[in-house]
Visitor: 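Provided herewith is a single structure, encoded as structure tokens, for subsequent inquiry.
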Amino acid sequence: ALAKDSAHVSAYHPFDKAIDPTAIAMDCTKGIDYLYAPFKAWTSSHILSYLDPYVHLTMKHAQAVIIVKYVNDGYTGGNNKLTKFEASGTSFGSVGELNSTTGVTTNISGIYGHDMSASPKNLPTANTDTMVVDTFYVLPTKIANGTLTFKLTIDGKEISATTTKVLESGYIYYYPLRYKGDSKDLIINSGVQIIPWNSDVMGNIQIISTDLYKSLGL
């Protein structure tokens with residue numbers, strides 16, 4: 001029941017009544033799908049009253065998803081063992097603070113890392129074969145000309161690739177990384193895909209367990 005004639009309504013998930021809805025701490029490494037509905041995200045009139053007393057919220061994703069695929073483009077120089085993956089740059093961060101009443105995320109910082117030294121991942125050995133290296137949530141900074149750098153340690157050698165992209169919340173980004181071997185670095189080819197994040201596609205995506213990210217202090 002309303003205590004006055006009208007009111008603003010917002011919502012967020014996961015809900016915790018002890019949290020300030022204007023300063024929700026988000027940590028992408030926890031594997032949580034943070035959702036929000038800002039003020040005026042309900043009913044046709046955007047005002048609650050006795051004529052329109054029901055709230056019909058449409059929740060939005062506060063994060064984006066990045067999926068990184070490894071493509072063997074002729075590398076035959078080792079055992080094809082991946083022992084470390086890292087993603088960094090100005091396009092995203094791993095922690096931040098969400099104001100669910102406005103949908104604005106601030107204080108974005110942090111990198112993403114996955115150390116597999118104890119249990120190296122076997123990469124494909126056949127030419128043109130592909131494999132998903134990692135799948136993870138990020139907080140887009142929406143900085144113009146923001147950078148993304150992906151680093152892989154394969155057979156003890158660190159290789160990397162950097163690209164420029166303004167990321168947006170609520171989208172899934174597929175990045176294929178090609179490796180030819182020898183002294184060459186990774187190549188991000190034109191196969192980058194951007195897909196709206198919804199229930200149709202999210203059911204096929206598995207966010208890798210966050211228990212493995214502790215080596216980078218995240």
Side-chain angles (χ1 to χ4, degrees), residues 7-43 46 48 55-68 85-114 132 134-150 163-175 192-214 216-218:
H8 287 301
V9 174
S10 66
Y12 60 90
H13 169 83
F15 177 74
D16 184 341
K17 64 181 180 180
I19 291 178
D20 179 356
T22 66
I24 300 170
M26 293 188 293
D27 185 345
C28 295
T29 67
K30 292 184 177 180
I32 297 172
D33 182 5
Y34 295 97
L35 301 170
Y36 71 94
F39 286 158
K40 298 186 179 180
W42 71 92
T43 70
H46 304 314
L48 292 173
V55 176
H56 306 280
L57 290 166
T58 299
M59 306 292 277
K60 298 181 180 180
H61 297 284
Q63 302 165 104
V65 175
I66 292 180
I67 299 175
V68 175
F85 171 77
E86 182 181 298
S88 60
T90 59
S91 287
F92 72 91
S94 59
V95 295
E97 194 172 84
L98 170 68
N99 184 334
S100 67
T101 69
T102 63
V104 175
T105 301
T106 56
N107 300 321
I108 298 174
S109 64
I111 64 173
Y112 172 86
H114 187 180
V132 173
D134 224 332
T135 303
F136 51 101
Y137 295 129
V138 297
L139 295 175
T141 61
K142 301 181 181 179
I143 294 176
N145 298 317
T147 60
L148 295 91
T149 297
F150 302 109
T163 186
T164 301
K165 184 66 180 176
V166 178
L167 302 180
E168 296 287 344
S169 302
Y171 286 88
I172 299 169
Y173 298 83
Y174 290 81
Y175 282 93
V192 176
Q193 294 177 281
I194 304 173
I195 300 173
W197 179 356
N198 55 48
S199 59
D200 292 336
V201 297
M202 200 58 195
N204 299 319
I205 295 173
Q206 297 296 320
I207 301 297
I208 294 176
S209 172
T210 58
D211 293 338
L212 303 175
Y213 309 154
K214 304 305 181 184
L216 291 177
L218 298 176

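If you read the sequence from its start, that first residue is 1, and numbering goes on from there. Keep in mind that this is a model prediction, so the values were computed, not measured.
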Visitor: Would a 4.5 Å heavy-atom cut-off, applied to side chains only, mark Y137 and V65 as touching?
Guide: yes
Visitor: For E168, check salt bridge (Lys or Arg N to Asp or Glu O under 4.0 Å) against everything at least two apart and list the hits.
Guide: K142
Visitor: So do L139 and F92 actually touch side chain to side chain, heavy atoms under 4.5 Å?
Guide: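 Not touching, per the 4.5 Å side-chain cut-off.
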Visitor: About how many Å separate OH of Y174 and CD1 of I67, when rounded to the nearest 0.5 Å?
Guide: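 Here the interatomic distance stands at 4.0 Å.
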Visitor: CG of L167 to CD1 of I143: how many Å apart, nearest 0.5 Å?
Guide: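 So the gap between those two atoms works out to 10.5 Å.
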Visitor: Parallel under 30°, tilted from 30 to 60°, perpendicular over 60°: which one fits the rings of F150 and Y175?
Guide: tilted
Visitor: Checking side chain to side chain contact (heavy atoms under 4.5 Å, CB included) between L148 and each of V138, T163, T90, which is the one that passes?
Guide: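 So the option named by the test is T163.
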Visitor: Could you list the residues that satisfy side-chain hydrogen bond (donor to acceptor under 3.5 Å, both in side chains) with T102, not counting sequence neighbours?
Guide: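 For T102 there are no side-chain hydrogen bond (donor to acceptor under 3.5 Å, both in side chains) partners, ignoring immediate neighbours.
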Visitor: Between S10 (side chain only) and F39 (backbone N and O only), is there a donor and an acceptor less than 3.5 Å apart?
Guide: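 Side chain of S10 to backbone of F39, a donor-acceptor pair under 3.5 Å: no, none is there.
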Visitor: Please report the shortest heavy-atom distance between H61 and D33, naming the atom on each side.
Guide: ND1-OD1, 3.0 Å
Visitor: Is there a donor-acceptor pair closer than 3.5 Å between any side-chain N or O of S169 and the backbone N or O of A64?
Guide: no
Visitor: Can a donor-acceptor pair be found, under 3.5 Å and without considering hydrogens, that links the side chain of T101 to the backbone of P38?
Guide: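 No.
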Visitor: What are the two closest non-hydrogen atoms of D134 and H114, and how far apart are they?
Guide: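 Closest heavy-atom pair between D134 and H114: OD2-ND1, 3.0 Å.
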Visitor: To the closest 0.5 Å, what do you measure between CD1 (I24) and NE2 (H13)?
Guide: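 The CD1 atom of I24 sits 11.0 Å away from the NE2 atom of H13.
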Visitor: Which atoms form the tightest heavy-atom contact between A62 and L98, and what is the distance?
Guide: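 Shortest heavy-atom contact: CB-CD2, 4.1 Å.
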Visitor: Which heavy-atom pair separates S88 from I111 by the least distance, and what is that distance?
Guide: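 Looking at all heavy atoms of both residues, the closest pair is CB-CG2, 3.5 Å.
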Visitor: Strictly distance-based, threshold 3.5 Å: is any side-chain N or O of S100 a donor or acceptor partner for the main-chain N or O of P21?
Guide: yes
Visitor: Heavy atoms, side chains only, cut-off 4.5 Å: are Y34 and P14 in contact?
Guide: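 Answer yes - side chains close enough.
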Visitor: With a 4.5 Å cut-off on side-chain heavy atoms, are Y36 and T105 touching?
Guide: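 Sidechains of Y36 and T105: no contact.
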Visitor: Using side-chain hydrogen bond (donor to acceptor under 3.5 Å, both in side chains) as the criterion, list what pairs up with T106, not counting sequence neighbours.
Guide: none
Visitor: Which heavy atom of A37 sits nearest to which heavy atom of M59, and what is that distance?
Guide: CB-SD, 3.8 Å
Visitor: Would the number of heavy atoms belonging to other residues, nucleotides or ligands and lying under 6.0 Å from CG of N145 be above 12?
Guide: no
Visitor: Taking all non-hydrogen atoms of both residues into account, name the closest pair between C28 and Q63 and its distance.
Guide: SG-OE1, 3.3 Å
Visitor: Flag the pair F85 / F136 as yes when at least one side-chain heavy-atom distance between them is below 4.5 Å, and no otherwise.
Guide: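 A side-chain contact exists here, since the closest heavy-atom pair is under 4.5 Å.
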Visitor: Under 4.5 Å between any side-chain heavy atoms of I194 and K165, yes or no?
Guide: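 Yes, side chains in contact.
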